[in-house]
Participant: 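Sharing a structure with you now.
By convention here, the first residue in the shown sequence is residue 1.
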Amino acid sequence: QLKLEDYKDRLKKGEALNQDQLEAVEKYDEVVHNLEFAKELQKTFLGLSQDLLKAQKKAQRRESLLKLEAEKKKLRTILQVQYVLQNFTQEHVQKDFKGGVNGAIYLPSKELDYLIRFAKLTCPERNENL
């Protein structure tokens, strides 16, 4: 653009320009228009890329929240299963299942022993004072 402006100034001062320089001066307005268009296009692309980055960050946050919720759900399930298994280690619960009373289904002693052993293996002992 600076070169074209120089040609334009030289032409105004009456200097002779060669054919290529004269053609370039004639296309000055077109070149300026194309430069302005390119600047606007660059601004548009910059805006689009910023919007894309925002959308990606938002999607990542949403994905992180979904993963966190899934982990919480897994942990809740594990704690519920541990709670149920720990109850099998209590003597009055064992009696209920051996007799099929107080809302408990009847469990043969062998199956109940399996559950008790499994509970002891999978459930850490709690300190009730904490």
Side-chain angles (χ1 to χ4, degrees):
Q1 184 179 357
L2 292 175
K3 200 172 201 179
L4 289 176
E5 287 175 5
D6 180 52
Y7 291 160
K8 211 172 171 184
D9 290 341
R10 287 170 49 192
L11 190 60
K12 282 182 186 176
K13 292 178 184 175
E15 289 185 35
L17 300 176
N18 65 34
Q19 187 61 33
D20 289 341
Q21 292 169 334
L22 287 172
E23 288 176 11
V25 170
E26 288 175 9
K27 296 187 182 204
Y28 176 81
D29 291 333
E30 184 181 339
V31 169
V32 169
H33 174 63
N34 286 342
L35 285 173
E36 288 173 3
F37 176 73
K39 286 178 185 177
E40 289 299 317
L41 198 57
Q42 181 185 17
K43 287 180 188 176
T44 302
F45 283 138
L46 182 62
L48 289 173
S49 66
Q50 288 175 345
D51 290 345
L52 179 62
L53 283 174
K54 286 179 188 176
Q56 285 175 334
K57 287 179 183 177
K58 191 175 182 179
Q60 286 173 342
R61 280 194 301 269
R62 191 176 354 193
E63 187 177 324
S64 294
L65 287 175
L66 289 174
K67 283 182 181 178
L68 182 62
E69 286 303 314
E71 288 298 317
K72 284 181 182 179
K73 188 176 180 180
K74 285 181 192 176
L75 183 58
R76 248 189 322 270
T77 302
I78 289 169
L79 291 174
Q80 288 170 344
V81 169
Q82 281 184 338
Y83 175 76
V84 169
L85 287 173
Q86 283 175 340
N87 283 325
F88 281 109
T89 62
Q90 297 177 13
E91 205 169 305
H92 71 280
V93 173
Q94 293 172 18
K95 285 180 185 176
D96 289 347
F97 279 96
K98 284 178 184 176
V101 295
N102 294 327
I105 62 167
Y106 168 75
L107 283 178
S109 293
K110 191 172 186 178
E111 289 182 21
L112 190 57
D113 286 342
Y114 289 147
L115 284 172
I116 293 168
R117 276 196 233 153
F118 184 67
K120 287 179 180 177
L121 289 172
T122 58
C123 300
E125 290 191 23
R126 286 186 170 179
N127 184 346
E128 298 298 328
N129 295 329
L130 295 176

Participant: Between atom CD of Glu63 and atom CG of Leu68, what is the distance when rounded to the nearest 0.5 Å?
Facilitator: 12.5 Å
Participant: Determine whether Lys67 and Glu71 make a side-chain contact, defined as any pair of heavy atoms from C-beta on separated by less than 4.5 Å.
Facilitator: no
Participant: Assess whether side chain to side chain contact (heavy atoms under 4.5 Å, CB included) is satisfied between Lys57 and Arg61, documenting all intermediate values.
Facilitator: CA-CA 6 Å; Lys57 287 179 183 177; Arg61 280 194 301 269; 4.0 Å; yes
Participant: Answer yes or no: is there an ion pair linking Lys43 with Glu40, defined by an N-O contact shorter than 4.0 Å?
Facilitator: yes
Participant: Could you go through the side chain to side chain contact (heavy atoms under 4.5 Å, CB included) check for Phe88 and Phe118 one step at a time?
Facilitator: CA-CA 10 Å; Phe88 281 109; Phe118 184 67; over 6 Å; no
Participant: As an exercise, state the distance from CD of Glu111 to CG of Asp113, rounded to the nearest 0.5 Å.
Facilitator: 10.5 Å
Participant: Between atom CD of Gln21 and atom CG of Asp6, what is the distance when rounded to the nearest 0.5 Å?
Facilitator: 8.5 Å
Participant: For the pair Gln90 (side chain) and Asn87 (backbone), establish whether a donor and an acceptor sit closer than 3.5 Å, ignoring hydrogens and angles.
Facilitator: no
Participant: Quick check on the hydrophobic clustering: are Tyr83 and Leu121 connected, directly or via other members, by side-chain heavy-atom contacts under 4.5 Å?
Facilitator: no
Participant: Quick check: does any side chain N or O of Gln94 sit under 3.5 Å from a backbone N or O of Leu112, one acting as donor and the other as acceptor?
Facilitator: no
Participant: In sequence, state the C-alpha distance, the side-chain angles, and the governing distance for Ile116 and Lys120, and then conclude on side chain to side chain contact (heavy atoms under 4.5 Å, CB included).
Facilitator: CA-CA 6 Å; Ile116 293 168; Lys120 287 179 180 177; 3.9 Å; yes
Participant: Could you grab the distance from atom CD1 of Ile78 to atom CG of Leu85, nearest 0.5 Å is fine?
Facilitator: 12.0 Å
Participant: Within the structure provided, determine whether Glu23 and Gln19 are in side-chain contact (heavy-atom separation under 4.5 Å).
Facilitator: yes
Participant: Can you tell me if CD on Gln56 sees more than 12 non-hydrogen neighbours from other groups inside 6.0 Å?
Facilitator: yes
Participant: Evaluate the criterion side chain to side chain contact (heavy atoms under 4.5 Å, CB included) for residue pair Val84 and Gln80; output intermediate values, then yes/no.
Facilitator: CA-CA 6 Å; Val84 169; Gln80 288 170 344; 5.7 Å; no
Participant: What distance do Asp51 atom CG and Leu46 atom CG have between them, rounded to the nearest 0.5 Å?
Facilitator: 9.5 Å
Participant: Could you tell me whether Glu69 and Lys72 make a salt bridge, using a distance below 4.0 angstrom between a side-chain N and a carboxylate O?
Facilitator: yes
Participant: Closest approach of Gln86 and Ala119, non-hydrogen atoms and distance?
Facilitator: N-CB, 4.5 Å
